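Count residues from 1 along the sequence. In this text the structure is predicted, and so the values were computed from the model without any measurement.
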Amino acid sequence: MENLPEDLKTCKEISAATSSNLSRKSGFLCRWIEPILDAICERLRQKTYIKEGTTLYEGGFVTKMVFIVRGKMESTGEDGNVVTLSEGDVCGEELLTWCLEPSSLNGDARTRGKPGYKLVCKTTVKCLSNVEAFVLRAADLEEITTLFAGFFRNHRVQMAIRHESPFG
């Protein structure tokens with residue numbers, strides 16, 4: 001957060017500045033149109049995770065996407081594959097695919113709207129250092145994908161999400 005311009009005063013301004021930087025580094029966000037990025041920025045929440053803490057865990061629910069601003073995390077897949085995440089990386093990306101195509105990940109699409117129905121995590125993400133991040137909650141992402149359903153239904157957009165996200 002120290003590298004942000006000093007004249008930024010609101011959370012929205014900080015979120016916009018940071019997510020703009022993240023979107024340039026992450027192919028995951030670079031194809032999104034400006035109104036969608038604005039909607040995401042409006043809903044981002046600043047969060048600090050403590051070293052050795054667990055952000056997501058295998059078998060738990062994916063309740064958020066975490067956009068790493070500073071620090072390092074380690075993601076361990078159910079296959080034992082370990083990936084180090086750092087500035088500009090995102091964890092919980094599978095939540096976007098789930099919001100767009102619930103039947104492909106969770107079987108019956110009719111259960112998505114039922115209370116308590118959530119995506120089960122297939123990885124464990126731990127902090128290797130203190131991590132500064134922005135978080136987008138599942139409910140906020142669902143709202144965004146509903147608001148911009150036409151954009152997300154576009155075949156090229158869906159293909160980009162599938163091919164750029166390791167979870168697609």
Checking Arg70 against Glu87 for the side chain to side chain contact (heavy atoms under 4.5 Å, CB included) test, could you report, in this order, the C-alpha distance in whole Å, the side-chain angles of both residues, the deciding distance, and whether it holds? CA-CA 5 Å; Arg70 179 168 287 122; Glu87 180 182 325; 5.6 Å; no
Is there side-chain contact between Val135 and Leu44, with at least one heavy-atom pair below 4.5 Å? no
What are the two closest heavy atoms between Leu141 and Leu136, and how far apart are they? CD1-CD2, 3.8 Å
Can you list the residues that meet the side chain to side chain contact (heavy atoms under 4.5 Å, CB included) rule with Thr54, with sequence neighbours excluded? Tyr57, Thr124, Lys126
Spacing of Thr63 atom OG1 and Leu95 atom CG [to the nearest 0.5 Å]: 8.0 Å
Evaluate the side chain to side chain contact (heavy atoms under 4.5 Å, CB included) criterion for residues Lys47 and Phe134: first the C-alpha distance (whole Å), next the side-chain angles of each, then the deciding distance (0.1 Å), finally the verdict. CA-CA 6 Å; Lys47 180 90 174 166; Phe134 282 102; over 6 Å; no
Under a 4.5 Å cut-off applied to non-hydrogen side-chain atoms, are Leu119 and Phe61 in contact? no
Any idea which heavy atoms bring Val120 and Val62 closest together, and the distance? C-CG2, 4.3 Å
The criterion is side chain to side chain donor-acceptor pair (under 3.5 Å); which residues satisfy it with Glu143, sequence neighbours excluded? Arg43
Strictly distance-based, threshold 3.5 Å: is any side-chain N or O of Ser129 a donor or acceptor partner for the main-chain N or O of Lys72? yes
Val125 and Glu74, any side-chain heavy atoms less than 4.5 Å apart: no
Note: Val66 and Ala133 closest approach over all heavy atoms is CG1-CB, 3.6 Å
Mind listing the closest non-hydrogen atom pair of Lys64 and Thr55 along with its distance? NZ-O, 3.5 Å
Any Ile68 side-chain heavy atom under 4.5 Å of Val131 side chain: yes
Donor-acceptor pair, side chain of Asn130 and main chain of Ile50, under 3.5 angstrom: no
Let me confirm one number: the CG-SG distance from Leu85 to Cys127, rounded to the nearest 0.5 Å. 10.0 Å
Counting C-beta onward and ignoring hydrogens, is there a side-chain heavy-atom pair between Tyr49 and Met73 closer than 4.5 Å? yes
Residues in side chain to side chain contact (heavy atoms under 4.5 Å, CB included) contact with Asn81, at least two apart in sequence or another chain: Asp79, Val83
Between Thr123 and Thr76, is any pair of side-chain heavy atoms under 4.5 Å apart? no
Quick one, Cys99 and Glu142 - any side-chain contact, counting heavy atoms below 4.5 Å? yes
